[in-house]
There are 2 protein chains.
Amino acid sequence: MRAVDAEEKVDRQARILEAALRLLSLQGISGVSMRAVAREAGVSLGLVNYHYEDKTSLIRAALHRIEEQDIALVEPDLTLEPEERLRAALKRVADPEFLTTEYLSLRLQLWALAQAHEDFERINTAAQRRYRAGLAALIHAARPELSPDECGERAADIDVIQNGLWLTALLGLDRDSIGRSVRRCEEIALAD
Amino acid sequence: MRAVDAEEKVDRQARILEAALRLLSLQGISGVSMRAVAREAGVSLGLVNYHYEDKTSLIRAALHRIEEQDIALVEPDLTLEPEERLRAALKRVADPEFLTTEYLSLRLQLWALAQAHEDFERINTAAQRRYRAGLAALIHAARPELSPDECGERAADIDVIQNGLWLTALLGLDRDSIGRSVRRCEEIALAD
DNA sequence: GAACATATTGAACGATCGTTCAGGTGCTCG
DNA sequence: CGAGCACCTGAACGATCGTTCAATATGTTC
């Protein structure tokens, strides 16, 4: 029992962050109050303010966590050949593991927050830039003959479709059109 | 002066709704309090609750207003031939008149609200369904030889790209990739 | 002009919000 | 042992929230 107890108790800061993410995903920003986060994490109200200076820095930490998940999507899988590596990354966005309501809803809330709060917008813009750069790098590795500009263009076009794909998946799942969109991304990326 | 005064005074209900939309677009749902709406509309707090039973019904009215703008995008322009009518509708989404930050941000807030509130989700789903049906009808008129199912598929694929296009435009304007995306939508819609 | 419905105001209510703070627990180190 | 430190608690504060309501203004009807 000691092990379980310890496991449940350690790293309350992480549990607070996860509680904030859970609430943000399920109820939107209106559902994220310091008290609600404390309740969801099973800690006292004071502890939330102890680990996070104020509410803004708690939200900021949550947004950085979402950013990490985003960037992981274009992390190169070095066990594969460049072309397969790119295909794998493009398929990953439609992977059920990533296409969960919780993750998509989090992204949406992040975007909505970025509109209202300049500080959050910077975080979002930086994340998007890193994502596109990762995608362009994958394309360049698979099609070395393409100019960096051309790779950037293709990455931007794919980004548009993927954003739409995520949004569509969230608003009303349509498996078939998601599959077709993934295939369209592959065509754009790998065209000769 | 009487005319101006009258113009400014009449239909305070409409001015309240517009104030709510403006705040929702600029500051997100956290910025929409009954008091803030009253201040923005230049009326008293009590009047907001007089015209809208409670906050939820005010937000609901705002969402219905956004829905109207959406549907207008696929309203057939009967002065044009079917194919041009479809092209015009597809170009309309990238029209600067619609691609304003205010309108796009409103859509985003609508989507975010739909995630958190079942009531708002229904409004959003209905709007999306109407939009896709309108798009499919435009495609069918331009390509009568296509089956209704095929038209629906194409409309769904275009919807994915347009959602991504709107989102991308909002997060960081990239005129070139928007232009390419519009062209891609035309190709999908009009392929033989 | 009296009666009436409609429109409009701002004060007031209890609830909840973010933040602060004095205090309490458990641990380490000299 | 006790001083020091990091972690944690819940009460309390003032601000703001959504909602209600009595009072007033405005316009229409008989």
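Here is the naming used below: chain letters follow the sequence lines, and residue numbers restart at 1 for every chain. Keep in mind that this is a model prediction, so the values were computed, not measured.
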Taking atom [atom2] of [N] as reference, at what distance in whole Å does atom [atom1] of [X] sit?
X: A/Asp54; N: C/dT20; atom1: CG; atom2: P; result: 8 Å
X: B/Gln27; N: D/dT16; atom1: CD; atom2: C1'; result: 15 Å
X: A/Asn49; N: D/dG10; atom1: CG; atom2: C1'; result: 13 Å
X: A/Lys55; N: C/dT20; atom1: NZ; atom2: C1'; result: 17 Å
X: B/Met34; N: C/dG10; atom1: CE; atom2: P; result: 16 Å
X: B/Ile16; N: C/dT8; atom1: CD1; atom2: C1'; result: 10 Å
X: A/Leu47; N: D/dA11; atom1: CG; atom2: C1'; result: 16 Å
X: B/Tyr52; N: D/dG18; atom1: OH; atom2: C1'; result: 17 Å

Would a 4.5 Å heavy-atom cut-off, applied to side chains only, mark B/Ile66 and B/Ile123 as touching?
-> no

Partners of B/Arg107 by side-chain hydrogen bond (donor to acceptor under 3.5 Å, both in side chains), sequence neighbours excluded?
->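 Checked B/Arg107 against side-chain hydrogen bond (donor to acceptor under 3.5 Å, both in side chains); matches are B/Asp70.
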
Identify whether any heavy atom of A/Val32 sits under 4.0 Å from a base atom; if not, whether one sits that close to sugar-phosphate; answer base, sugar-phosphate or nothing.
->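 The answer is sugar-phosphate, as A/Val32 gets under 4.0 Å only of primed atoms, P, OP1 or OP2.
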
Of A/Ser30 and A/Gly46, whose nearest nucleotide on DNA chain C comes first from the 5' end?
->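 Upstream on the strand: A/Ser30.
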
Below 4.0 Å: OP1/OP2 of [N] and any side-chain N or O of [X]:
X: B/Tyr50; N: C/dA7; value: yes
X: B/His51; N: C/dT6; value: no
X: B/Ser33; N: D/dC17; value: yes
X: B/Arg12; N: C/dT9; value: yes

Between A/Arg35 and B/Thr56, which has a closest nucleotide on DNA chain D that is more 5'?
->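 This one resolves to A/Arg35.
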
Kindly compute the distance separating OG (A/Ser44) from CG (A/Asn49), expressed to the nearest 0.5 Å.
->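 Here the interatomic distance stands at 9.5 Å.
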
Would you call A/Glu186-A/Lys91 a salt bridge at under 4.0 Å N-O?
-> yes

Under 3.5 Å, sequence neighbours excluded: what are the donor-acceptor pairs made by side chains of residues 134-145 of chain A?
residue  : atom : partner  : partner atom : Å
A/His140 : ND1  : A/Leu146 : O            : 3.4
A/Arg143 : NE   : A/Leu190 : O            : 3.3
A/Arg143 : NE   : A/Asp192 : OD1          : 3.4
A/Arg143 : NH1  : A/Glu83  : OE1          : 3.3
A/Arg143 : NH2  : A/Leu190 : O            : 3.0

